[in-house]
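Structure first, then comments.
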Amino acid sequence: MKIPFVDFNAPYIELKDALDAAYRRFMGSAWYVLGHEVEAFEGEYAAYCGSRHCIGVGNGLDALYLILRGYGIGAGDEVIVPSNTYIASWLAVSQAGATPVPVEPDPRTYNIDPDRIAQAITPRTRAIMAVHLYGQSAEMDPICALAREHGLKVIEDAAQAQGARYKGRRTGHLGDAAGHSFYPTKNLGALGDGGAVTTDDPELADRIRMLRNYGSKQRYHNEFKGVNSRLDELQAAFLRVKLRKLDDWNARRQTVARYYLEAFADQPDLIRPCIPAGSQPVWHQFVVRHPQRDLFQQRLADAGIATLIHYPVPPHLSPAYADSHFTQGDYPIAEELARTILSLPIGPHMVREQIEEVTTSIQRILHS
Ligand SMILES: *Cc1c(COP(=O)(O)O)cnc(C)c1O
């Protein structure tokens, strides 16, 4: 049995009638940019996250960038980011003209370690970007307390965590503003690119609404040097269908994760992800660690099980940041994670036989 890493076909089959109807509604409307579908999705997604405002934008990277622009964070400013994240979190800061200042993760949860943030704060720090990596919320209470103490904004990178909870509260509504991605592989995935900002701050929401549309509220009256980054009507129509399924699909991911967690208990060579009390992850990825990761991954590939590494190169060692003069050893925890992590197949459409194939193959490999 071959186990793919993601299955794009099964979600379409499950939602075919509703997605096809959304497509026909969109075609019939003959309205393509910033119309009823985007407005309706913004209202529905804001309600889902529990936030007052939602602004649909072109993608997750733009969502984060527009939040920074909306707060006036740019040249000369510093933003604290996790050393262990997808590079987009850093790129948003760089694109705004500010400097990303990395802070190491807690290796058990893979998320930014709140105890290490204070020592990275300088007079130039303007914000902390908390990434809810792999679908699990960052430890938000101490992060928000530190931010309040130092007068900083808390920006959530919620790209991987649609629907996750922290102490009962939804991600996307845990800081001052949150950036969301609807890239097709995300838990709430469009059929193309898409993103959103959620916030309770009416002034920020107003500025981002303008910034995403050339910096204008009224056509040809440009108040800011804005960008063109709008959520498409067609994608919004699809996302409205998929949003109604999100909790169900997240619950199905949680079932796979519970199965994995139990099957891999008491395996000394396989480190399982840790779920702190109060955290309800939505398992965008199920990431384990193995001391001989490359060999382990090869054995899994031989058994027909596809796996991926999220991510093999930490941002500070990426050629994209060569100009920042980071070197190997600067962020040893992120580097160690990059050497040992492995993402197993997980998704709402994995069936029992596939889950069992993964667990029995892994147990066999670990014992051989
Ligand atoms: C996917 C992702 C982004 C960027 O989203 P895009 O829609 O691909 O631009 C940002 N941060 C994290 C953590 C992501 O996983």
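Heavy-atom basis, side chains included; hydrogens, waters and symmetry copies ignored.
- In this structure, D176 does not pair ionically with R126, as no charged nitrogen and carboxylate oxygen lie closer than 4.0 Å.
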TODO: Might you work through the salt bridge (Lys or Arg N to Asp or Glu O under 4.0 Å) test for D248 and K245, ending with a clear yes or no?
DONE: CA-CA 5 Å; D248 178 28; K245 270 280 164 192; 3.2 Å; yes
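- The structure places CD of Q136 at 6.5 Å from CD1 of I275, a figure rounded to the nearest 0.5 Å.
- Between R289 and E336, at least one side-chain N (NZ, or NE/NH1/NH2) sits under 4.0 Å from a carboxylate O, which counts as a salt bridge.
- Here the side chain of E233 pairs a donor or acceptor atom with the backbone of G35 at under 3.5 angstrom.
- V131 and S89 get closest at one heavy-atom pair: CG2-OG, 3.5 Å.
- Annotation: side chain of R252 is in contact with side chain of H349 (closest heavy-atom distance under 4.5 Å).
- Remark: Y260 pairs with V256, F264, F286, L344, P345, M350, I355, V358, T359 by the side chain to side chain contact (heavy atoms under 4.5 Å, CB included) rule, at least two apart or across chains.
- In the displayed structure, D17 atom CG is contacted under 6.0 Å by at most 12 heavy atoms of other residues, nucleotides or ligands.
- Looking at H180 and Q162, their side chains never bring a donor and an acceptor atom within 3.5 Å of each other.
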Which atom pairs, donor and acceptor, lie under 3.5 Å between side-chain atoms of residues 57-64 and protein residues at least two apart or in another chain?
residue: N59; atom: OD1; partner: L61; partner atom: N; Å: 3.1
residue: N59; atom: OD1; partner: D62; partner atom: N; Å: 2.7
residue: N59; atom: ND2; partner: D62; partner atom: OD2; Å: 3.3
residue: D62; atom: OD2; partner: S229; partner atom: OG; Å: 2.5

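- Legend: residues meeting salt bridge (charged side-chain N to carboxylate O under 4.0 Å, His left out) with E44, ordered by chain and number and at least two apart, are R240.
- Side chain of Y134 to backbone of P281: no donor-acceptor contact under 3.5 angstrom is found.
- Between I112 and I117 the shortest side-chain heavy-atom distance falls below 4.5 Å.
- A donor-acceptor pair under 3.5 Å is absent between the side-chain atoms of S318 and the main chain of P314, judged by distance alone.
- Rounded to the nearest 0.5 Å, atoms CD (E139) and CG (L174) are 11.0 Å apart.
- Checking N250 against N187 by side-chain atom types alone, a donor-acceptor pair falls below 3.5 Å.
- Residue-environment remark: CD (Q363) exceeds the threshold of 12 foreign heavy atoms within 6.0 Å.
- Checked by atom type, the side-chain pair D294/Q298 shows no donor-acceptor distance below 3.5 Å.
- Counting heavy atoms of neighbouring residues, nucleotides and ligands inside a 6.0 Å radius, atom OH of Y183 does not exceed 12 of them.
- Membership of the apolar cluster around L317 extends to V313, as traced through chained side-chain contacts below 4.5 Å between ILVMFWY residues.
- Follow the hydrophobic side-chain contacts under 4.5 Å out from F5 and you never reach V282; the two are in separate clusters.
- One N or O on the side chain of E104 and one on the backbone of I333 form a donor-acceptor pair closer than 3.5 Å.
- Proximity of a side-chain donor or acceptor of Q354 to a complementary backbone N or O of V351 within less than 3.5 Å is detected.
- E78 pairs by the salt bridge (charged side-chain N to carboxylate O under 4.0 Å, His left out) definition with nothing, not counting sequence neighbours.
- Residues M129 and I55 are members of one and the same hydrophobic cluster, defined by side-chain heavy-atom contacts under 4.5 angstrom among Ile, Leu, Val, Met, Phe, Trp and Tyr.
- By the neighbour-count criterion of 12 heavy atoms within 6.0 Å, atom OH of Y166 is densely surrounded, having more than that number from other residues, nucleotides or ligands.
- Taking the side chain as every heavy atom from C-beta outward, N222 and S216 approach each other to under 4.5 Å.
- Between the side chains of S324 and H316, no donor N or O sits under 3.5 Å from an acceptor N or O.
- What you find for P102 and W90 is that their closest heavy atoms are CG-CH2, 3.4 Å.
- L68 and A92 make their closest contact through CD1-O, 3.5 Å (heavy atoms, listed as atom of the first residue, atom of the second, distance).
- Remark: aromatic rings of Y311 and Y86 are close, center separation under 6.0 Å.
- With sequence neighbours excluded, the residues forming a side chain to side chain contact (heavy atoms under 4.5 Å, CB included) with D206 are M210, K217, listed by chain and number.
- P273 has its side chain out of reach of V287: every pair of non-hydrogen atoms, C-beta onward, lies at least 4.5 Å apart.
- Scanning both residues, P312 and A338, for their nearest heavy atoms gives O-CB, 3.6 Å.
- Side-chain N/O atoms of H132 and E156 include a donor and acceptor closer than 3.5 Å.
- For the atom pair OG1 (T199) and CG (L204), the distance works out to 5.0 Å, reported to the nearest 0.5 Å.
- Every residue was checked against the side chain to side chain contact (heavy atoms under 4.5 Å, CB included) condition with E262, not counting sequence neighbours, and none meets it.
- Clustering of Ile, Leu, Val, Met, Phe, Trp and Tyr by side-chain heavy atoms under 4.5 Å joins M27 with Y12, L15, L19, Y23, F26, Y32, V33, L34, V38, F41, Y45, Y48, F182, L188, L191, L231, L234, F238, L239, V241, L243, L246, W249.
- Rounding to the nearest 0.5 Å places CG of N111 at 8.0 Å from CG of N84.
- Checked against salt bridge (charged side-chain N to carboxylate O under 4.0 Å, His left out), D20 has the following partners two or more places apart in sequence or in another chain: K16.
- Put simply, the side chain of R170 never gets that close to the backbone of R165: no donor and acceptor are under 3.5 Å apart.
- With rounding to the nearest 0.5 Å, the separation of CG in L300 from CZ in R293 is 12.0 Å.
- Annotation: salt bridge (charged side-chain N to carboxylate O under 4.0 Å, His left out) contacts of R209 (sequence neighbours excluded): E42.
- Put simply, the side chain of F296 reaches to within 4.5 Å of the side chain of I362, judged on heavy atoms.
- Without hydrogens or angle criteria, E335 side chain to G329 main chain gives a donor-acceptor distance under 3.5 Å.
- Applying the 6.0 Å contact sphere to CZ of R52 captures no more than 12 heavy atoms from other residues, nucleotides or ligands.
- The closest donor-acceptor contact from the side chain of R207 to the backbone of G70 lies under 3.5 Å.
- Within the 4.5 Å cutoff, side-chain heavy atoms of S94 are placed close to those of P100.
- Considering only heavy atoms from C-beta on, L366 comes within 4.5 Å of L270 through its side chain.
- Contact of the P82 side chain with the V103 side chain is not registered, since no non-hydrogen atoms from C-beta on lie closer than 4.5 Å.
- Taking CD1 of I208 as the start and CD of E203 as the end, the distance is 12.0 Å to the nearest 0.5 Å.
- Shortest non-hydrogen contact noted between A127 and I73 is CB-CD1, 3.9 Å.
- Looking at R253, its side chain does come within 3.5 Å of a backbone N or O of W283 through a donor-acceptor pair.
- The two residues A130 and A138 have their closest heavy-atom pair at CB-CB, 4.2 Å.
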Compile the donor-acceptor pairs under 3.5 Å between side chains in residues 140-155 and protein atoms, sequence neighbours left out, one pair per line.
residue: D141; atom: OD2; partner: K167; partner atom: NZ; Å: 2.9

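- Every residue meeting the side chain to side chain contact (heavy atoms under 4.5 Å, CB included) condition with H173, not counting sequence neighbours, appears here in chain and number order: S51, D200.
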